[in-house]
Every structure is written in C-alpha cells, then in structure tokens.
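Scroll down for the structure; my scribbles are underneath it.
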Number of protein chains: 2
Amino acid sequence: MAETTRHPEPRYGNRPTMKDVAARAGVGLKTVSRVVNSEPGVTPDTVRRVQEAIDALGFRRNDSARVLRKGRTASIGLVLEDLADPFYGPLSRAVEEVARAHGALLINGSSAEDPEREQELVLALCARRVDGLIVIPAGDDHRYLEQEIRAGIATVFVDRPAGRIDADMVLSDSFGGSRQGVAHLIAHGHHRIGFIGDQPRIHTATERLRGYHTAMTDAGIAVQDSWVSLGSTEPDRVRRAVETMLSGPEPVTALFAGNNRVTVTAVRALAGRERPVALVGFDDIELADLLGITVISQDAAAVGRTAAEHLFRRLDGADHAPVRVELPTKLIPRGSGELRPS
Amino acid sequence: MAETTRHPEPRYGNRPTMKDVAARAGVGLKTVSRVVNSEPGVTPDTVRRVQEAIDALGFRRNDSARVLRKGRTASIGLVLEDLADPFYGPLSRAVEEVARAHGALLINGSSAEDPEREQELVLALCARRVDGLIVIPAGDDHRYLEQEIRAGIATVFVDRPAGRIDADMVLSDSFGGSRQGVAHLIAHGHHRIGFIGDQPRIHTATERLRGYHTAMTDAGIAVQDSWVSLGSTEPDRVRRAVETMLSGPEPVTALFAGNNRVTVTAVRALAGRERPVALVGFDDIELADLLGITVISQDAAAVGRTAAEHLFRRLDGADHAPVRVELPTKLIPRGSGELRPS
DNA sequence: CTGAAAGCGCTAACAG
DNA sequence: CTGTTAGCGCTTTCAG
C-alpha cells in the first residue's frame, strides 16, 4: 500500500537547507550553522568538509528563517515621493551607503505624494519588520505609526515634519533659504516678485512661501495675491501661472520657483521671452550652471546621510528625546537671479 | 524555588503575535489568520471580535514568518550602478510601479560599477529569497548566479548582457544609436569626429564605440587613434580627453559623447570655446532642450518597465528559452549636432 | 569541539 | 464555521 505522500509546494525551488548540508557533510545541523556564520569553535577540518558540502549543494542561507529567529532584518525602509525625481535619487543613494556601512539593505518605496500610498507602503515595511524607517511624508497625520514606533521600529522623518506625532526629523531650512533667495531678488531692484510653489498641503511649499512673505515684508513690499501661485507642479499648471504673472499692466519682473520641477518649467517658459525676467529657484538642478540659473541649493545627499546616521544611532540604542535637525541651504548666484528689472 | 526563567531577547520589541490576538479574542489561532488574510468562512461576528483584538493590541502580521512558510517573499531585487544617476532613477521607479502592480516590494542596490559589490548585493538578495532579480551588470561573469537561477530566482539582465550565462536580457540599441548619431555628424560635414566613452569593460561603452567605428567606416573615414578615448567618466578625465582632441594641428570638429555623464562634462568643456564644436550625446539629459544639445535618447522608464514585465511573466510561470529584447533609441536634433565644421 | 531539542510566528492540512 | 497539529529553516540553549 503506497503511503499517501503529502507533497507540499516545493519551497524556493527545492533549495538545499542546512539539514541537507549537514547530512552530506556527516555533521550536525548546528555545526553547519557555525560554519555558515563563521562562528568560532569548529575544527578546520570540519569547516572544510562542511564548506565542500555547501559548495557541492549550492547552499545559500535562507535569511527569512534567520530573521524570524533573530528578530532583526538588517534592512531599513525609505519612503519618498518619487525615485525618478533628481532630488531623491542622490538622497536615496546616500541613505543606501550609510545602510551598507551598517550591514543593512535598503527597501525603497515611492508614495507618489499620495498619503494613502505612503501609509500602505510604511505599513508593508513594518510588516516586514524593517529595523528602521526613513519617511518623507506625503500625508500630515502619522499617528498610524505610533504603535509601530513604540513596538521598536526606529523612524526618522525627512524633508517635511511628521504630522501629529513626536519623532526625529531632518529638514532643510526651507524658510531661510526662500527668504534669502527672495531678498536677493529684492536687493537687485525687484519689487514685483512672483512665487510659484507646490501644493499648500506640502510643508516645504508653505515654508518657502512663508520665507517669501517675510522677505517681502522685511523690504516693506505689500504682496499682491496675483503674485502667488501654489498648486501642482505639472508643467501645464506652472506654465499658466508664469504666463499669468507676466501679463497684465503690472507684470512681475522676477520669479521665485518653489522647487526643482517648478524651476525647470519656469526656465522653459521664460526662454522665449524678449524681456528678461529674473529667476531664483529652490533646489539645484543639473546643468543649471550652464544655463546661468541662480538657485537656493540644498544638499540632498547630506540630508539623506544625516537622516540615516540618526536612524542607525537610534538602532544602536540612542534613546534621547526626538531631535529636529535643520540643514542650511546655500544661495548660488549664476546670473538669472542677478538680472535687474527691465 | 524560583523557576529559572529564560529571558530571550525581546523580539521585535515585544510585538503581539497571532497567538496573543487569539487569546484576547477567545478564538483559535487559525481563525485570526483567516481574518488577517481576509479568508472566507468566518462569521461576521467573529471577524469583528478578532478585529477588535487586533486593533486593541496593535497587531501587525509578521511577514518574515509568513514568508518562511509560504516560500514567496513578494519582493524583487534591482541591482544597478548608482541610484543617484539620472538614468537609473526613472528606471528604478518604472520597475517599482510594475512590482507594485504585482503586489511586490522592490529592494534596490547600487553596485557602484564594482563587480564584487554587484555579486555581494545579488547574493544578499538571493539569501533573502527575493522572488526575482533585475541586474544591471557591473561584472562580466555571472556564473555565480547559475545555481540561484536554477534554484528558482527569476533573473533579467538589463542595459548590458549577462556574462557567460544564458538569461533574459533587455538592452538598448547602443550600437545602432551610436552609429546613427555619428552618421548624423558625418551628414553635417564632419570627418574628424572624436568619441569619448566609458570604460571598455562596460558593454555599452564598447557597443557604442563599435557604432562609431561602423559609421565612420561606412563613410570611408579612417579613424585616428587620437580620436577615441575610453575610460572613467570622471569630469577631470573627460575634460582632458576633450582638450586633447581639440588641440594639435588637426583637431576634431565634432564629438560624440558615450553617455550622459560624458555629455554633461563635454558640454561644460565646450562652453567656453570660441570656435563651436558639434556634439551628439548618448542618453537624454534634463534641460538639454534648452541648451540645444542633440542626443541619442533611450527611454529609461521603458527599459525598466519592459524588464520588470518580463520578470513577472517568468514568475507567473513562463518558461520559454531566454529572450533578448533590444529597445530602439531615438535621435533628437536640437542644434549642437547640426553645427557644421568651422 | 559538537549535536539534539525547542521554538521564532506564521500557514497548510486536516479534523471536528 | 472553527480549531488542532505539524513544520517552514534557522538560531538558541544546553548537554555531551
């Protein structure tokens, strides 16, 4: 009578396990584990025999099982807006390098600026028990993370503050940078200065707008509503905003662009004009030097590195109160911000 | 006598498990599992009770355990050169979107163009049992992956072919694109055309060089050694190459830049010159339109998407022979490539 | 120096 | 509809 063989799905395509290696090498399971993990206390000869079995079988340790047992995944998660954005690529890379130095892998996810997607991603990462999390928030309420953080997932917020919870943050000085950029335009003789920024629910957008208002007020300039436009960074929207501000009886003579995407579109929109319009953009852009675009630059790599270093300090046991780090920005004059009003 | 309580490391910061939820809800473990996974066959009332316990305890399923049991991680790995490079950001994002559509997470890793680091990363991903792998090779020998692929990790190579193993590949038409670009320069009257490319061990670099040679030969032009320079894409190196080619009694009148980084440096190096030098670059670049740079463009997002779709087709069971997909490139004339020799 | 036993948290398989 | 049992592949513990 044939025994009813239950034949469960072959796991991982029938990979050899430590048990298989042990059988082949004629040693105990734990000895294989020792060899695989380079633990001391194994005879060189035994090591060799085990190693041979490993090579012959093509064994590779299953980290899923290891993780289950050890409780650490040696991985961290990074949730950002869009990896295709030239600001986030370098940031992510910088995080990766720090993670690598700590023996951890990085799992990236793009929220596409959608709060629900942010949450979905973050919770998926929590379910995988990443050791830590770096989040560039899309939403403004992160209470859903409270339990996770309490349960031990270290979290650092980057670029924008966390919403309604107390946590570590690494930000750029959006307010100060914007204020400086606008003051720079004012110093070059401009009064009617337009501000085109990202959607008002994004913290950096409102901070940069605040910097604009402050600079204008400091100079005694009353801001007109038509000089300010917040909204999507879609080229069409930005282009229309530029055109609106440059038309009418009293057009602006200078523009402040609230982020890299706005700057790019603004440059394109201004390119065809006969009368030059001054421009300062927030965030540096590749080739901006050749185009002579004056910018407020923030160091994306430094932001990422700083955040990751904080995260690993937490993972290494630092348990001080949440910190808020603010990184400075830098004005880089290249011509477009030094044009005088025509 | 107090019982010796073994107190192992609190795992995951003492998170509740399904067992805890079951106890609290007064149901069996499996019922909790059913609720968590939205499996059918549970009374609405029971679902509610379990759900309450889940919320009260802040339970979140531990995917590590799930993975161990199910044998699928619902994650794929992507090993590329450098996430900070504007070519790879969009590529990675495109892969992520496809992965997301299939319910999988993406783990990124940068090889920094170092074959050892590539291998280290790939094997780390294999140890985590990613379901599939997309690799932009840094090295030229991927036999180390044979066992892994046989063991069931679907793998697609991108941008450059796999070395010494037979596997799926998605490439851009480097040869054809380069040939077209150089022919374009020839058609505009150039004969002395320089080629500056990446290191010769990189497949795309030699393919693009081959396109250059073919275009030159087709036009009956004998290429001089001094017109060709392969090597690091470091700005200093590229700048020196540009300057060498433009000096001497018979300077080149046009340059073909082998990739985006070379193009950027070439543009900078040419910017100060009084005599214009024609330029065509491989890869499109942000703002190249405004600078009037003629390029051979490849669609990074399409490359990533195509590769990811192939990968998931494999994961869904497709087991045809390895395929080699070649995506076309496109010449985008913007001025720099249409300059005539001075 | 080596190995047997227990168990990480979950899901598959089977009974009730 | 619900619960019990076994076990995924590894590390931990403890006994040789």
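The sequence lines fix the lettering, A, B, ..., with proteins before strands; numbering per chain opens at 1.
Rounded to whole Å, the distance from CZ on B:Arg61 to P on C:dT11 is 6 Å. For the pair A:Arg60 CZ and D:dC10 C1', the interatomic distance rounds to 16 Å; values are reported in whole Å. For the pair A:Met18 CE and C:dA4 C1', the interatomic distance rounds to 16 Å; values are reported in whole Å. C:dA12 atom P lies 14 Å from atom CZ of B:Arg72, rounded to whole Å. What separates NZ of B:Lys30 from C1' of C:dT11 is a distance of 5 Å, to the nearest Å. Residue B:Arg129 contributes atom CZ, which lies 11 Å from atom C1' of D:dC10 at whole-angstrom precision. Taking atom CG of B:Leu68 as the reference point, atom P of C:dA12 lies 12 Å away to the nearest angstrom. Computed from coordinates, the A:Glu39 CD to C:dT2 P distance equals 13 Å when rounded to whole Å.
A close approach under 4.0 Å does occur between a side-chain nitrogen or oxygen of B:Thr46 and OP1 or OP2 of D:dT2. Side-chain N/O atoms of A:Thr31 include none lying less than 4.0 angstrom from OP1 or OP2 on C:dC1. Contact check, B:Lys70 against C:dA12: a side-chain N or O comes under 4.0 Å of OP1 or OP2. Using a 4.0 Å cut-off, some side-chain N or O of A:Ser33 falls inside it from OP1 or OP2 of D:dT11.
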Q: With side-chain contact (heavy atoms from CB on, under 4.5 Å) as the test, would you mind laying out the steps for B:Arg61 and B:Asn37 before giving the verdict?
A: CA-CA 9 Å; B:Arg61 182 181 67 199; B:Asn37 298 300; 2.4 Å; yes
Q: Verify side-chain contact (heavy atoms from CB on, under 4.5 Å) between A:Leu105 and B:Leu125, making sure each step is shown before the conclusion.
A: CA-CA 9 Å; A:Leu105 279 182; B:Leu125 291 166; 4.0 Å; yes
Q. How far apart are the C-alpha atoms of A:Leu123 and A:Glu148, what are their side-chain angles, what is the distance that settles it, and do they pass the side-chain contact (heavy atoms from CB on, under 4.5 Å) test?
A. CA-CA 9 Å; A:Leu123 293 181; A:Glu148 309 297 330; 4.1 Å; yes
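The side chain of B:Thr17 sits closest to C:dC10 out of C:dT2, D:dC10, C:dC10. Among the nucleotides D:dT11, D:dT2, C:dT2, the one closest to the side chain of B:Thr43 is D:dT2. Side-chain proximity of B:Arg66 to the nucleotides C:dT11, D:dG9, C:dG9 is greatest for C:dT11. For B:Leu29, the side-chain atoms get nearest to C:dC10 when compared with the rest of D:dT13, C:dG9, C:dC10. Of the candidates C:dG9, D:dC10, C:dA13, C:dG9 carries the atom nearest the B:Asn62 side chain, counting heavy atoms from C-beta on.
Between A:Phe312 and A:His102, the two ring planes are parallel [angle under 30°; tilted spans 30° to 60°].
A donor and an acceptor atom sit less than 3.5 Å apart, one in the side chain of B:Arg34 and one in the base of D:dG3. A donor and an acceptor atom sit less than 3.5 Å apart, one in the side chain of B:Arg69 and one in the base of D:dG7.
For CD of B:Glu116, the number of neighbouring non-hydrogen atoms (other residues, nucleotides, ligands) closer than 6.0 Å is 12 at most. The number of heavy atoms from other shown groups lying within 6.0 Å of CG (B:Asp140) does not exceed 12.
Between the side chains of B:Thr73 and B:Asp131, at least one donor N or O sits under 3.5 Å from an acceptor N or O.
Of the residues B:Leu171, B:Val170, B:Val158, the one that meets the side chain to side chain contact (heavy atoms under 4.5 Å, CB included) test with B:Thr306 is B:Val170.
Within the nucleic acid shown, A:Asn37 comes within 4.0 Å of sugar-phosphate atoms alone, with no base atom in reach, counting heavy atoms only.
The end-to-end axis angle of the helix from C:dC1-D:dG16 to C:dG16-D:dC1, rounded to 10 degrees and based on five pairs per end, is 40°.
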